[in-house]
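Proteins come first, then strands; the chains are lettered A, B, ... in the order of their sequence lines, and each starts at number 1. Fair warning: this is a prediction, and the values are worked out from it, not measured in the lab.
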Amino acid sequence: MNSKTADTETRLRFAPSPTGYLHIGSARTAFFNWLYAKKTGGKFILRIEDTDIKRHQEDTISTILDSLKWLEIGWDEGPDVGGDYGPYRQSERLGIYKDYAQKLLEEKKAYRCFCSQEQLREKREEALKINEFYKYDRRCFNLTENEISAKIKSGDKFSIRILIPQNKIISFNDNVYGYIKINSSNVDDFIILRSSGMPTYNFSAAVDDYLMKITHVIRGEDHLYNTPKQLIIYDALGFDYPDFTHLPMILAADGQKLSKRHGSISIESYREEGFLPEAVLNYIALLGWSYDEKTTIFSIDEMTEKFDLKSINKKASRFDYEKLLYLNGYYIRELDENRLEEILIHEITEKNENLRDKSDFLREKLGKIIPVTKKRVRTISDYEKAVLPFFNPVSYSDNTKKYFAKKDFDAKMLLEKSIKSLENLDDSSFTTENIENKLRTISANLGLEFKKVAEVIRIAIWGKPVSPPLFETIEILGSRTTLLRLKNYLDLISQA
RNA sequence: GCCCUCGUCGUCUAGCGGCCUAGGACACAGCCCUUUCACGGCUGCAACAGGGAUUCGAAUUCCCUCGAGGGUACCA
C-alpha cells in the first residue's frame with residue numbers, strides 16, 4: 001500500500017540554467033510546475049542545469065532562488081535542501097551521465113565522434129549555404145574498431161553521439177499541443193556527451209528526469225521539438241516516458257521574443273518596482289491559462305484548486321504591463337493593512353535616510369494613512385512617493401506658487417480665513433469631522449463653491465493639485481504641521 | 001533552406017457544428033458618485049488573418065495562402 005502511494009506520487013521539477021535572472025517566462029514555468037505538484041499533492045523539485053561552463057554564472061543561482069522564494073514558490077527537493085534523488089546540480093552528476101553514455105556505447109546505441117568542432121562547423125555552414133538540411137554525416141560511425149582504438153590510443157579527443165534509429169516515427173501526447181510526431185530521419189545524431197565530459201541538455205535532462213522519478217514535465221514550447229530527442233534517449237535506455245506539457249511562449253509587448261536584451265524583465269525588477277508576489281503570480285497564471293469565461297482574480301488556493309493542464313492554450317501571449325499594474329493595485333487594496341504597513345515602513349525607511357530611525361512614528365501615522373490612500377496606488381514604489389508629504393516638508397514648484405495668480409477668487413483671503421478658523425481647534429478637536437465643518441463654513445459664508453476652498457488648502461498642505469482626501473489628510477498631518485504649511489504657502493503667494 | 005507549431009477585440013482570454021446580432025478582464029472614451037486623484041457603478045468603442053471546401057448550418061471540421069513563433073549547436 002505504501003509503495004503504491006509512493007509510486008503514484010506526482011513529482012515535478014523546475015530546471016533553470018544559471019545564465020541570468022529568473023524572468024517572466026521561467027517564473028511561469030516554475031509556477032505551473034509548483035501549482036500542479038500542489039494540486040496533486042506531489043513534490044516540487046528544483047534542479048540546476050549547469051552543464052554549459054561557458055555560459056554559467058554562479059552568482060545567478062542565488063538570484064534565481066531568491067526570486068522563487070520571494071514568489072513563495074518553495075521546493076521539496078533541491079540543491080540547498082537536498083533530497084533522496086540528489087545531487088540536484090547537474091555539474092555534480094557527471095559520473096552518472098558518463099555511465100549511461102558508456103552503457104549506450106557498449107550497446108552500440110551511441111558512438112564516439114572524433115570530428116573537431118571546427119570541422120563540424122564548416123560542414124554545417126556549407127550545407128546551409130546550399131540550402132540543404134544539415135545532418136551529421138556519420139563519418140565516425142563508420143570507423144572500424146581498429147581505427148577507433150588507434151585514435152583513442154593517440155589521445156584524440158572525442159565526443160559521444162547518439163545513434164538515431166532511421167525512419168522511425170517518434171511520437172508522444174502533449175497535454176497542450178496534442179499528438180506530436182516526428183520522423184527520426186529528421187533528427188541528427190546529436191552529441192550526448194561533449195569531449196569535455198559534460199553532457200548536453202537533451203541527454204542530461206532525460207537521464208535526470210528519469211532518475212529523479214519526474215512524472216510530469218512542464219516546460220516552455222521552445223522545448224517541444226527537443227522532446228522527441230529526449231524520447232530517443234528514453235527509448236535507448238529503456239526508460240518510461242513522463243507526461244509532457246508544453247507551455248506557449250510569452251512574448252514582449254511588441255510581439256517579439258522575450259530575451260535578455262528585449263523586454264525580458266526579471267522577477268527581481270518587479271520586486272524592486274513595488275509589485276506584490278501574489279499579483280505577479282496571478283498575472284502570470286493568466287498568460288496561457290484560464291479557468292472560465294469570467295474570472296480574472298485568483299488567490300493561490302483558488303489557482304491550486306482550479307489549475308488544470310488541459311485548459312492551457314496554445315497561443316503565444318504578449319506581456320501586458322498595464323494589466324499587471326491593475327492586478328497589483330487590486331492586491332494592494334485587498335492586502336491586510338498590517339502587512340501593508342510593514343511593507344511600507346520597509347520601503348520608506350529604505351528610501352529616506354531621515355526617516356530611518358523613526359519607525360514608531362511611521363507606524364503610528366501609517367495606521368491612519370493606509371485606509372485613506374490604498375485605493376490610489378498601483379505599486380509599492382508609487383505608494384512610498386504618494387505618502388511622503390505626510391512625513392517630509394513639502395516644497396512648492398514655481399507653477400505651484402503661481403497657481404492661483406489668475407484665478408477669479410482670492411486665494412490669499414481664503415488661506416487667511418482657513419488659518420484663523422483652524423486655529424480655533426485644539427489638538428483634541430482636530431478631527432476630520434470638525435475640520436470639514438470649519439472649512440465648509442468658510443465657503444458657505446462666502447457663497448463660494450467648496451471646491452475652490454479645497455483647491456487652495458490642498459495646494460498649500462500638499463504642494464500638489466492632487467492629494468489624498470483633504471479632511472483626513474489634514475487630521476493626520478495634525479494641527480501644527482497643517483497651520484505651518486498654510487502659513488508658508490500664504491507667505492509665498494503674498495510675496496508675489 | 002529543411003522539419004514543425006500557432007493565428008478570436010489594441011492586450012490577456014471564453015468559445016470545442018446551431019445557445020454567437022461572439023462573452024469577460026485590462027486599456028481607451030463618456031456618464032454617475034465626489035473637495036482633487038483614485039476606488040466603485042453604468043454605458044460605449046472594439047475581434048473570429050485571407051480564400052476555398054464540407055454541411056441545412058462553421059469562430060468551431062478540412063485544404064491553400066499569408067503572418068507569427070519554435071527546432072535545426074560539443075546552448076538550455
note: A:Leu287, atom CG; B:A25, atom C1'; distance rounded to Å ~ 13 Å

Note: A:Lys181 and A:Ser171 closest approach over all heavy atoms is CB-CB, 3.8 Å

>> Taking B:A76 as the reference, what is the distance to B:G70 when you measure between their C1' atoms (whole Å, please)?
In response: 14 Å

- Is A:Lys385 salt-bridged to A:Glu347, going by a charged N under 4.0 Å from an acidic O? no

Rounded to whole Å, the CG-C1' distance (A:Leu446 to B:U35) equals 16 Å

Side-chain atoms of A:Pro469 come closest, of B:U11, B:U36, B:G7, to B:U36

Are any protein N/O atoms closer than 3.5 Å to N/O atoms in nucleotides 68-75 of chain B? If there are, list each pair with its distance.
| unit_1 | atom_1 | unit_2 | atom_2 | d |
| --- | --- | --- | --- | --- |
| B:C74 | OP1 | A:Arg124 | NH2 | 3.1 |
| B:C74 | O2 | A:Ser195 | N | 2.9 |
| B:C74 | O2 | A:Ser195 | OG | 3.1 |
| B:C74 | N3 | A:Ser195 | OG | 2.9 |
| B:C74 | N4 | A:Cys115 | O | 2.9 |
| B:C75 | OP2 | A:Arg194 | NE | 2.2 |
| B:C75 | OP2 | A:Arg194 | NH2 | 2.1 |
| B:C75 | O3' | A:Arg194 | NH2 | 2.9 |
| B:C75 | O2' | A:Asp52 | OD2 | 2.7 |
| B:C75 | O2' | A:Arg55 | NE | 3.1 |
| B:C75 | O2' | A:Arg55 | NH2 | 3.0 |
| B:C75 | O2 | A:Arg55 | NH2 | 3.4 |

ask   = Donor-acceptor pair under 3.5 Å: do we get one between A:Arg458's side chain and the base of B:U35?
value = yes

Partner of B:C6 under the Watson-Crick or G-U wobble criteria, both distances under 3.5 Å, comes out as B:G67

Of B:U36, B:C12, B:G24, the nucleotide closest to the side chain of A:Lys294 is B:G24

B:U21 -> Watson-Crick or G-U wobble partner, both distances under 3.5 Å, gives none

Between the protein and nucleotides 38-41 of chain B, list the N/O to N/O atom pairs that are separated by less than 3.5 angstrom.
| unit_1 | atom_1 | unit_2 | atom_2 | d |
| --- | --- | --- | --- | --- |
| B:A38 | O2' | A:Lys375 | O | 2.2 |
| B:C39 | O3' | A:Arg333 | NH1 | 3.3 |
| B:G40 | OP1 | A:Arg333 | NH1 | 3.3 |

Between NZ of A:Lys315 and P of B:A49 the distance, given in whole Å, is 10 Å

Can you tell me how far P in B:U11 sits from the matching atom in B:C48, rounded to whole Å?
12 Å

Self-check item: C1' spacing across the pair B:A58 / B:A53, given as an integer number of angstrom
Solution: 12 Å

**Message:** Work out how far the P atom of B:U5 is from that of B:U61, and round it to whole angstrom.
**Reply:** 15 Å

Quick note, A:Ser290 side chain, CB onward, closest among B:C12, B:U35, B:U13 is B:U13

Whole-Å distance, A:Glu293 CD to B:C12 P, equals 19 Å

> Which value, in whole Å, describes the distance between the P atoms of nucleotides B:G15 and B:A38?
Replying inline: 35 Å

Taking for A:Leu286 and for A:Ile182 the nucleotide of RNA chain B with the nearest heavy atom, the one nearer the 5' end belongs to A:Ile182

Distance col, row A:Ser418:OG vs A:Lys438:NZ, nearest 0.5 angstrom, shows 11.5 Å

Separation of B:C16 atom P from A:Asp308 atom CG, nearest Å, is 16 Å

Re B:C31: Watson-Crick or G-U wobble partner, both distances kept under 3.5 Å, found to be B:G41

Pairing partner of B:C16, by Watson-Crick or G-U wobble and under 3.5 Å for both distances, is none

Rounded P spacing from B:G71 to B:U65 in Å = 24 Å

Report task. Please work out if A:Phe471 contacts a base, only the sugar-phosphate, or nothing of the nucleic acid, heavy-atom cut-off 4.0 Å. Result -> base

Taking only the C1' atom of each, what is the distance from B:A27 to B:C45 in whole angstrom? 12 Å

Quantified in whole Å, what is the C1' atom distance between nucleotide B:C16 and nucleotide B:U72? 34 Å

Check your understanding: Could you walk me through whether A:Glu221 and A:Arg28 pass the salt bridge (charged side-chain N to carboxylate O under 4.0 Å, His left out) check?
Key -> CA-CA 12 Å; A:Glu221 192 248 20; A:Arg28 188 252 245 141; over 6 Å; no

If pairing means Watson-Crick or G-U wobble with both distances under 3.5 Å, then the partner of B:A59 is none

**Message:** Looking at A:Arg47 and A:Asp209, is there a salt bridge between them, counting it only when a charged N and a carboxylate O are closer than 4.0 Å?
**Reply:** yes

Regarding the side chain of A:Ser317, the nearest nucleotide among B:C12, B:C6, B:U35 is B:C12

Rounded to whole Å, the CG-P distance (A:Asn313 to B:U60) equals 17 Å

Exactly one of A:Arg13, A:Arg93, A:Arg89 clears salt bridge (charged side-chain N to carboxylate O under 4.0 Å, His left out) with A:Asp208, and that residue is A:Arg93

Please say whether more than 12 non-hydrogen atoms of neighbouring residues, nucleotides or ligands are located less than 6.0 Å from OH in A:Tyr291.
no

With side chains defined as the heavy atoms from C-beta onward, is the minimum distance between A:Pro248 and A:Asn313 less than 4.5 Å? yes

Rounded to whole Å, the CG-P distance (A:Asp209 to B:A76) equals 14 Å

To the nearest angstrom, the CG-P distance between A:Leu327 and B:C26 comes to 9 Å

Of B:U13, B:U35, B:A76, the nucleotide closest to the side chain of A:Leu470 is B:U35

Next item on the list: Answer yes or no: is there an ion pair linking A:Lys168 with A:Asp235, defined by an N-O contact shorter than 4.0 Å?
Entry: yes

Are any non-hydrogen side-chain atoms of A:Leu281 and A:Ile73 less than 4.5 angstrom apart? yes

TODO: May I ask you to decide if A:Leu325's main-chain N or O and A:Tyr283's side chain share a donor-acceptor pair within less than 3.5 Å?
DONE: no

Item to complete: Look at all strands and tell whether A:Gly288 reaches a base, only sugar-phosphate, or nothing, counting heavy atoms closer than 4.0 Å.
Response: sugar-phosphate

(request) Evaluate the criterion salt bridge (charged side-chain N to carboxylate O under 4.0 Å, His left out) for residue pair A:Glu278 and A:Arg339; output intermediate values, then yes/no. (result) CA-CA 13 Å; A:Glu278 49 269 55; A:Arg339 206 182 131 202; 3.3 Å; yes

